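The structure appears right after this line, and notes come after that.
Predicted, not measured: the structure shown is a model, and the values here were computed from it. All chains are named by letter (A, B, ...) in the order of the sequence lines, taking the proteins before the strands, and each is independently numbered beginning at 1.
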Amino acid sequence: MVVTTCPHLIMPLLSERQLRRKPLVVIVGPTAVGKSRIAVEVAKYLGSEILTADSRQVYRGMDVGTDKPTLLAREGIAHHLIDLVDPDEPFNAGLFRRHATAAIDGCYQRRKLPLLVGGTGLYVRTLLQGLCEAPPSDPLVRARLRQDAYEQGSEQLYARLVLVDPLTAVKLHPRDTSKILRALEVYDQSGLPLSSFHAEHGSERPFSALVIGLNRARDHLYRRIEERIDWQLTHGLVDETQTLLYRGYRRDSPAMKGLGYRHVASYLAGDCTWDEMVRAFKRDTRRFAKRQMTWFRREPALTWLMIEESEPAEQTVSRMMGVIHPFLAGLDGDVDTHSFLNS
RNA sequence: GCCGAGGUAGCUCAGUUGGCAGAGCACAGCCCUGAAAAGGCUGGUGUCGACAGUUCGAUUCUGUCCCUCGGCA
């Protein structure tokens, strides 16, 4: 094995000064852009541990369909926030934040720089900007509200929301049932409108974060998505879905409504042909990638890196280190990190 | 070469008795504070094959040409 000198090697352990700033390097981007692979390489240079911000990789037994990095692909780098719950257990942004905060504290105790990698924009935001103090989701309250929606129609739920929380109501479309449900759930539990919790929350910035967005040309990204889906379908996604169904996980549960699983399940149930299933799976994944881009475009102070089709991974990693290095150097000095980054 | 059918959005096609071109799918833009790979909103992206004629006005009618698909040679 040839050992090459690494041109980007930075202090393997964080200094006291850096630790006090609570540093966090974040890599986001649409699905199939190549985040996981790049992240492992970056983590090797930084002596980092990886935290996954992925709402699907938290489920045990959902591996092929969530593109979960295999043990081999992790190359000995510690990966956190994967396989946290079974597919029928509730999981949400609040739980993610709790797990992630604990994992980050662990990294700091080992004086390691945490590297947050993922495509779930809401989960990333719970760390960068915190979460308001509204009561968490309650399965019982939610079940009752969903029953109401089923019996009276979502228009009735919206009408209720207009009465108890007009500020949230104007922000939501009357058909946006899942968000209406959440707002009513908060009111039913606390007697206070969700909008009041939002107002109280304000702006919070718990970490000194460097956020890097990876992207590729649209047609190039779409081609990668299709190739990955073809690979998943011939490398165990069908068996994986069948096993999950056999174990009794319902098709309409949050975990099974993920991309791929819901498509394969509908094919297995005889609702569509194989070709129809593949087409819908690819189309829905393209649309998802597009929604992710809409979300990340809004993320403040995000540095975009466009990956060229022919660009070797080492070069992308090298360009990323060109951004990360000054960030870490800034943390070590007296410079205000934020103004440094924005200059 | 002859006969027939056709050429309109990225694709499949509808349509205009001559008056600003329209569906489905595909696609694009956007929203998001505990389901977020979820959920929701908005948008037609066009040299109507080309050229000429008739007409106030042609994607529509007429002529010529080009191309595609059948059939016969």
Side-chain angles (χ1 to χ4, degrees), chain A residues 28 30-32 52-59 62 65-68 85 87-100 118-139 141-143 145-146 149 154 157-158 165 167-168 170-183 185-186 189-190 193-204 218-219 222 225 228-229 232 237 250 252-264 276 279-299:
Chain A
V28 296
T31 189
T52 302
D54 188 303
S55 67
R56 301 292 144 171
Q57 293 185 2
V58 300
Y59 295 115
M62 306 183 91
T66 63
D67 208 33
K68 202 178 280 177
V85 295
D88 57 350
E89 291 181 75
F91 196 83
N92 56 50
L95 287 167
F96 172 82
R97 184 172 140 80
R98 208 164 311 146
H99 278 103
T120 304
L122 178 64
Y123 286 8
V124 172
R125 198 172 285 173
T126 65
L127 291 176
L128 298 183
Q129 296 172 31
L131 213 48
C132 71
E133 297 292 322
S137 178
D138 180 310
V141 177
R142 180 144 311 196
L145 284 167
R146 208 169 314 163
S154 54
L157 283 191
Y158 186 73
D165 188 353
L167 285 177
T168 299
V170 294
K171 282 171 63 184
L172 297 181
H173 191 277
R175 270 197 285 273
D176 199 347
T177 318
S178 70
K179 294 206 176 70
I180 295 170
L181 238 51
R182 168 61 184 158
E185 173 187 62
V186 169
Q189 290 184 89
S190 65
L194 176 60
S195 51
S196 73
F197 289 104
H198 288 176
E200 196 185 318
H201 179 221
S203 60
E204 182 187 348
R218 191 66 65 92
D219 56 341
Y222 283 2
I225 285 173
R228 189 182 69 190
I229 287 174
Q232 289 173 329
L237 179 56
R250 294 168 51 93
D252 60 357
S253 67
M256 292 300 282
K257 274 172 88 176
L259 291 165
Y261 297 100
R262 70 165 184 263
H263 298 95
V264 172
E276 285 166 349
R279 210 174 313 131
F281 182 8
K282 290 178 175 175
R283 178 201 61 200
D284 292 343
T285 307
R286 286 194 295 268
R287 289 177 176 171
F288 168 58
K290 198 163 102 60
R291 267 183 280 131
Q292 286 179 299
M293 285 305 300
T294 300
W295 180 286
F296 293 130
R297 270 194 285 257
R298 252 176 74 93
E299 201 61 49

Exercise for the section: Please state whether the phosphate of B/C31, meaning OP1 or OP2, lies under 4.0 angstrom from any side-chain nitrogen or oxygen of A/Arg291. Expected result: no

Problem - Rounded distance in Å between the P positions of B/A58 and B/G6 - result: 24 Å

Practice task
With P as the reference atom in both, quote the distance from B/U42 to B/G7 in angstrom, rounded to an integer.
Solution key: 33 Å

Practice task
Using the C1' atoms only, state how far B/C27 lies from B/A9, rounded to an integer number of Å.
Solution key: 11 Å

Practice task
Select from A/Asp138 and A/Arg286 the residue whose nearest nucleotide in RNA chain B is closer to the 5' end of that strand.
Solution key: A/Arg286

Practice task
Using the P atom on both, measure B/G53 against B/C67 and round to a whole Å.
Solution key: 24 Å

Handout entry: A/Thr294 side-chain N/O to B/C30 phosphate OP1/OP2 under 4.0 Å
Key = yes

Problem - Separation between the P atoms of B/A38 and B/C11, rounded to whole Å - result: 29 Å

Exercise for the section: Give a yes or no on whether a salt bridge exists between A/Glu276 and A/Arg279, defined as a side-chain N under 4.0 angstrom from a carboxylate O. Expected result: no

Practice task
Could you tell me whether A/Tyr222 contacts a base, only the sugar-phosphate backbone, or nothing, with contacts defined as non-hydrogen atoms closer than 4.0 Å?
Solution key: sugar-phosphate

Handout entry: A/Thr285 side chain to A/Arg228 side chain, donor-acceptor N/O pair below 3.5 angstrom
Key = no

Problem - A/His201 NE2: over 12 foreign heavy atoms closer than 6.0 Å - result: yes

Exercise for the section: Return the nearest nucleotide to the side chain of A/Asp176; candidates are B/G40, B/A35, B/G34. Expected result: B/G40

Exercise for the section: Assign A/Arg218 to base, sugar-phosphate, or nothing according to its heavy-atom contacts below 4.0 angstrom with the strands shown. Expected result: sugar-phosphate

Practice task
Report yes if at least one side-chain N or O of A/Arg182 is closer than 4.0 Å to OP1 or OP2 of B/C32; otherwise report no.
Solution key: no

Handout entry: P atoms of B/G24 and B/G43, separation to the nearest Å
Key = 12 Å

List the atom pairs, with distances to 0.1 Å, where a side-chain N or O of residues 125-134 of chain A and a protein N or O form a donor-acceptor pair under 3.5 Å, not counting sequence neighbours.
residue: A/Thr126; atom: OG1; partner: A/Tyr123; partner atom: O; Å: 2.6

Exercise for the section: Determine the contact category for A/Thr285: base if any of its heavy atoms lies under 4.0 Å from a base atom, sugar-phosphate if only primed atoms, P, OP1 or OP2 are that close, otherwise nothing. Expected result: nothing

Exercise for the section: Can you run through RNA chain B from 5' to 3' and write each base as (, ), [, ], | or . depending on how it pairs? Watson-Crick or G-U wobble, both distances under 3.5 Å. Expected result: (((((((..((((.....[..))))((((((.......))))).)...(((((..]....)))))))))))).

Problem - Chi-angle category of B/G34 [syn within 90° of 0, anti beyond] - result: syn

Practice task
Pick base, sugar-phosphate or nothing for A/Arg142, based on heavy-atom distances below 4.0 Å to the nucleic acid.
Solution key: base

Practice task
Using the C1' atom on both, measure B/G19 against B/U55 and round to a whole Å.
Solution key: 12 Å

Fill in the blank from the handout: RNA chain B nearest-nucleotide lookup for A/Leu172 and A/Arg56: closer to the 5′ end is A/Leu172

Handout entry: Base of B/A38 paired with side chain of A/Lys179 (donor-acceptor, under 3.5 Å)
Key = yes

Problem - C1' atoms of B/G4 and B/U16, separation to the nearest Å - result: 25 Å

Practice task
Would you indicate, yes or no, if B/G29 has its OP1 or OP2 atom less than 4.0 angstrom from a side-chain nitrogen or oxygen of A/Lys290?
Solution key: yes

